[in-house]
Enquirer: 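One structure, pasted below without further comment.
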Amino acid sequence: MRWSQTLIPTMKETPEGAEIPSHVLMLRAGLIQQVMAGAYTYLPLGWRSLRKAEAIVRDEMDRAGAVELHMPALTPITLWERTGRVDAFGDVLINFKVRRANRQVHLALGPTHEEVVTDLVARFVSSYRQLPITLYQIQTKFRNEERPRFGVLRTSEFLMKDAYSFDTSVESLAASYDKMYEAYCRIFDRCGLEYLAVEAESGPIGGDASHEFMVLADNGEDVVVHCAACGYAANLERAEIGAAKASAAKAAAGSAALKKVDTPKVGSIEQVSKLLGCQPAQMIKTLIYVADGKPLAVLLRGDHDANEGKLRRAVGAAKLELASPEIIEQVTKAPVGFAGPVGLAIGLWADRDVAAVADAVIGANEADKHYTGANLGRDFTVAADHFADLRNAGAGDACPRCGQSLALRHAIEVGHVFKLGTKYSDALGAKFLDDTEQQRTIIMGCYGIGINRILASLIETRHDEQGIVWPMALAPYEVLLAPLNVAQEDVMQVAERLHNELSAAGVDVLLDDRDQRAGVKFKDADLIGFPLRVVIGGRSLKEGKLEIKWRWASEPELIPLEGAAEKLAELVRHARENPRHKS
RNA sequence: CGGAGCGUAGCUCAGCCUGGCUAGAGCACCUGCUUUGGGAGCAGGGGGUCGCAAGUUCGAAUCUUGUCGCUCCGACCA
């Protein structure tokens with residue numbers, strides 16, 4: 001391809017509104033153009049990279065035995081009503097009515113495709129002989145994001161690979177799941193991404209039933225908990241906390257007396273600690289939840305955050321949510337911000353770390369009042385079996401596996417594998433007859449990859465001051481030919497010949513045939529980040545040599561003009577095998 | 001959905017506070033000449049409903065109100 005014949009609108013300056021590196025660089029390098037908040041055009045270069053990522057995903061899905069099909073983005077709302085997900089998705093589900101002859105049809109744009117694919121399987125699969133099977137597609141998904149942001153990281157329309165496995169048993173599901181897990185590792189390896197597979201919230205099946213594939217990046221929206229010592233990794237919702245350090249476990253032997261103090265109009269932990277001159281860790285906060293319709297109270301150290309998943313599992317509730325202000329007032333007889341454990345008549349749970357807080361500051365269940373000097377056992381009690389790990393892990397907490405210190409890292413979720421169980425097959429009647437003529441429900445798994453996020457997370461983690469540093473696998477073009485003077489005939493002859501020979505050898509090559517100064521060509525080459533740049537002209541050509549430079553290398557090297565095409569093709573082939581080469 | 005900010009040429013921005021000649025600069029674009037290894041120089045040229053609407057005023061990019069769009073922080077995220 002010739003530069004002059006395609007569309008590559010590079011920008012010297014950072015457009016207003018772009019903040020994070022991947023967004024800035026995708027715009028400046030002419031990969032994307034924003035059409036509205038959360039919707040982008042992929043320009044020729046961006047589209048090439050996206051298609052390369054897609055091709056890798058497709059290749060590995062096929063290798064893992066998954067079968068590609070294509071479902072419509074347009075779906076009837078009734079399909080979503082059958083699984084109750086109209087409510088579950090809420091405003092995220094883009095849906096609308098259209099006129100069709102003399103009636104109205106209510107449609108939804110698919111945010112994912114469990115319903116459509118399960119309905120398909122329910123219609124055509126009826127025997128264990130047809131199972132297991134894993135179906136996948138690569139398709140545009142639609143979600144009405146509350147707040148699109150970070151360039152292509154969070155958009156309302158995005159390209160997703162979604163796969164669904166259908167099995168006859170939990171053991172068979174585990175095998176399907178493992179195949180997908182391994183395929184994901186191969187995909188992200190080939191893309192040159194540094195990723196972590198972390199344990200994630202597991203849903204109905206429990207146990208080891210969900211993993212998220214995370215790319216560690218400072219601008220990631222997710223937080224993963226990582227132990228550098230043993231490799232334990234989990235997302236914040238799921239991360240367990242190891243047993244408390246022995247030194248902190250001194251029994252709460254407080255000396256102070258319980259004393260009611262005035263805290264007028266001051267309800268938050270931060271405000272109260274400031275007013276009373278104590279540390280948040282000296283406080284115990286009391287959160288009121290409603291579990292399956294019944295209110296309960298949870299005690300946490302002031303500087304800790306509740307983990308609703310852990311709490312739900314500890315309490316054994318199906319549904320758990322923070323209580324409304326009305327319920328809180330009814331239960332505590334005080335406005336929000338003044339709840340405390342003393343004299344509360346509802347079920348009381350506590351995070352393990354609460355036991356170590358002596359002479360604590362707590363709410364007094366009375367407007368504008370707190371207690372100081374509160375002590376567990378003397379002033380209030382929590383049943384021994386109501387102590388549990390109920391909070392989010394924090395930096396410095398003990399690793400549940402090895403006891404070393406945990407670290408919190410920001411990350412971008414690029415993939416998710418999940419054992420679904422029978423939620424959708426039950427709702428949509430996907431059953432099969434087993435070899436003993438029993439009718440049973442098909443067991444499902446689902447597996448997603450955000451294709452756009454592969455690009456964004458790669459750029460987020462592989463760039464420098466000059467621009468993107470593409471790995472060979474996803475670069476829009478593998479080789480850039482840069483003739484320095486397009487008016488010079490011998491230079492252009494060499495460039496044209498190399499272009500044709502490399503193309504014939506299966507190398508993606510772009511010829512910068514613009515009549516531009518060398519500086520402009522170099523800046524654009526670095527900004528876009530072509531892995532291999534070949535300069536034709538100047539001193540080296542007179543000596544029968546070409547100058548080549550890897551994007552991640554600091555210095556160029558010279559190769560003989562003689563046999564250059566073969567040499568370059570060989571270099572490209574080698575670099576394709578090593579997706580993670582670094583500067 | 002709460003909080004904050006920004007909308008002036010394709011891009012980055014000045015002008016607005018304190019209303020007043022024909023609305024500006026740099027980059028980009030077009031023409032010519034020069035230049036040619038890290039975003040060139042000179043000369044000339046094209047391009048703007050100042051987001052939109054209403055209001056105040058003799059007069060609005062500028063003041064007021066409303067509205068739309070975009071961005072950031074937070075909440076939310078099967």
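Just so it is clear: chains get the letters A, B, ... in the order the sequence lines come, proteins before strands, and each one is counted from 1.
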Enquirer: I'd like the P distance from C16(B) over to C6(B), given in whole Å.
Expert: 15 Å
Enquirer: Ser540(A) near the nucleic acid: base, sugar-phosphate alone, or nothing, with a heavy-atom cut-off under 4.0 Å?
Expert: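 Result for Ser540(A) = base.
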Enquirer: Counting only heavy atoms not in Asp218(A) (residues, nucleotides, ligands), do more than 12 fall under 6.0 Å from its CG?
Expert: no
Enquirer: May I ask you to verify whether the side chain of Arg533(A) and the base of G37(B) hold a donor-acceptor pair under 3.5 Å?
Expert: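 Per atom types, no contact qualifies.
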Enquirer: Using distance alone, with no hydrogens and no angle criterion, decide if Lys161(A) and Tyr184(A) have a side-chain donor and acceptor under 3.5 Å apart.
Expert: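 Result is yes, a qualifying pair exists.
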Enquirer: Roughly how many Å is it from CZ in Arg143(A) to C1' in C76(B), rounded to a whole number?
Expert: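 Rounded to whole Å, this separation is 14 Å.
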Enquirer: Classify the nucleic acid contact of Glu16(A) as base, sugar-phosphate or nothing, counting any heavy atom under 4.0 Å across all strands shown.
Expert: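 Answer is sugar-phosphate: Glu16(A) comes under 4.0 Å of backbone atoms only.
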Enquirer: Which of the following nucleotides, G39(B), C1(B), C77(B), is nearest to the side chain of Glu146(A)?
Expert: C1(B)
Enquirer: Would you please confirm or rule out a distance under 4.0 Å between OP1 or OP2 of C73(B) and any side-chain N or O of Arg147(A)?
Expert: yes
Enquirer: Base, sugar-phosphate or nothing for Ala88(A)? Non-hydrogen atoms, less than 4.0 Å.
Expert: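 Ala88(A): no heavy atom of the nucleic acid under 4.0 Å.
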Enquirer: Without decimals, in angstroms, what is the distance between Ile548(A) CD1 and G37(B) P?
Expert: 21 Å
Enquirer: Measuring from the side chain of Lys423(A) (C-beta onward, heavy atoms only), which nucleotide among C70(B), G38(B), A78(B) has the closest atom?
Expert: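 Minimum distance to the Lys423(A) side chain belongs to A78(B).
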Enquirer: Consider the side chain of Arg149(A), meaning its heavy atoms from C-beta on, and name the nucleotide among C76(B), G37(B), G38(B) that approaches it most closely.
Expert: C76(B)
Enquirer: Name the nucleic acid region contacted by Gly90(A), choosing base, sugar-phosphate or nothing; use a 4.0 angstrom heavy-atom cut-off, strictly under.
Expert: nothing
Enquirer: When the aromatic ring centroids of Phe213(A) and Tyr181(A) are compared, is their separation below 6.0 Å?
Expert: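 Between Tyr181(A) and Phe213(A), which both carry aromatic rings, the centre distance is below 6.0 Å.
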Enquirer: With Asp162(A), which residues qualify under side chain to side chain donor-acceptor pair (under 3.5 Å), at least two apart?
Expert: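 For Asp162(A) the side chain to side chain donor-acceptor pair (under 3.5 Å) partners, ignoring immediate neighbours, are Gln137(A), Lys141(A), Tyr164(A).
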Enquirer: Compare the minimum distances between each of C70(B), C11(B), C73(B) and the side chain of Pro15(A), then state the nucleotide with the smallest one.
Expert: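 Of the candidates, C11(B) comes closest.
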Enquirer: Roughly how many Å apart are U62(B) and G20(B), using the C1' atom of each and rounding to a whole number?
Expert: 11 Å
Enquirer: Using whole Å, report how far CD of Glu115(A) lies from C1' of A78(B).
Expert: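 It works out to 9 Å between those atoms.
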Enquirer: I'd like to know if Gln516(A) reaches the base of G38(B) with its side chain, counting only an N/O donor and acceptor under 3.5 Å.
Expert: no
Enquirer: Quickly, which of Ile138(A), Val417(A), Val414(A), Ile187(A) forms a side chain to side chain contact (heavy atoms under 4.5 Å, CB included) with Ile449(A)? Name it, please.
Expert: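 Looking at Ile138(A), Val417(A), Val414(A), Ile187(A), the match for Ile449(A) under the side chain to side chain contact (heavy atoms under 4.5 Å, CB included) is Ile187(A).
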Enquirer: Which whole number of Å gives the distance between the P atom of A78(B) and that of G69(B)?
Expert: 26 Å
Enquirer: Of Gly17(A) and Met11(A), whose nearest nucleotide on RNA chain B comes first from the 5' end?
Expert: Met11(A)
Enquirer: Are a donor atom and an acceptor atom from the side chains of His410(A) and Asn219(A) found within less than 3.5 Å of each other?
Expert: no
Enquirer: Judged by each residue's nearest nucleotide on RNA chain B, which is more toward the 5′ side, Arg28(A) or Tyr424(A)?
Expert: Arg28(A)
Enquirer: Closest approach to the side chain of Phe522(A), judged atom by atom: which nucleotide of A40(B), C11(B), G38(B) is it?
Expert: G38(B)
Enquirer: Please determine if a side-chain N or O atom of Gln34(A) lies less than 4.0 Å away from the OP1 or OP2 oxygen of U71(B).
Expert: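 Indeed, a polar side-chain atom of Gln34(A) lies that close.
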Enquirer: Hey, does the side-chain of Glu547(A) have a donor or acceptor N/O within less than 3.5 Å of a partner on the base of G37(B)?
Expert: yes
Enquirer: Could you tell me how far G51(B) sits from A9(B) if I compare only their P atoms? Round to whole Å.
Expert: 8 Å
Enquirer: Using the side-chain heavy atoms of Val520(A), tell me which of these nucleotides is nearest: G39(B), C73(B), C29(B).
Expert: G39(B)
Enquirer: Does Arg517(A) make a side-chain N or O approach to OP1 or OP2 of U36(B) shorter than 4.0 Å?
Expert: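 Negative; the distance criterion is not met.
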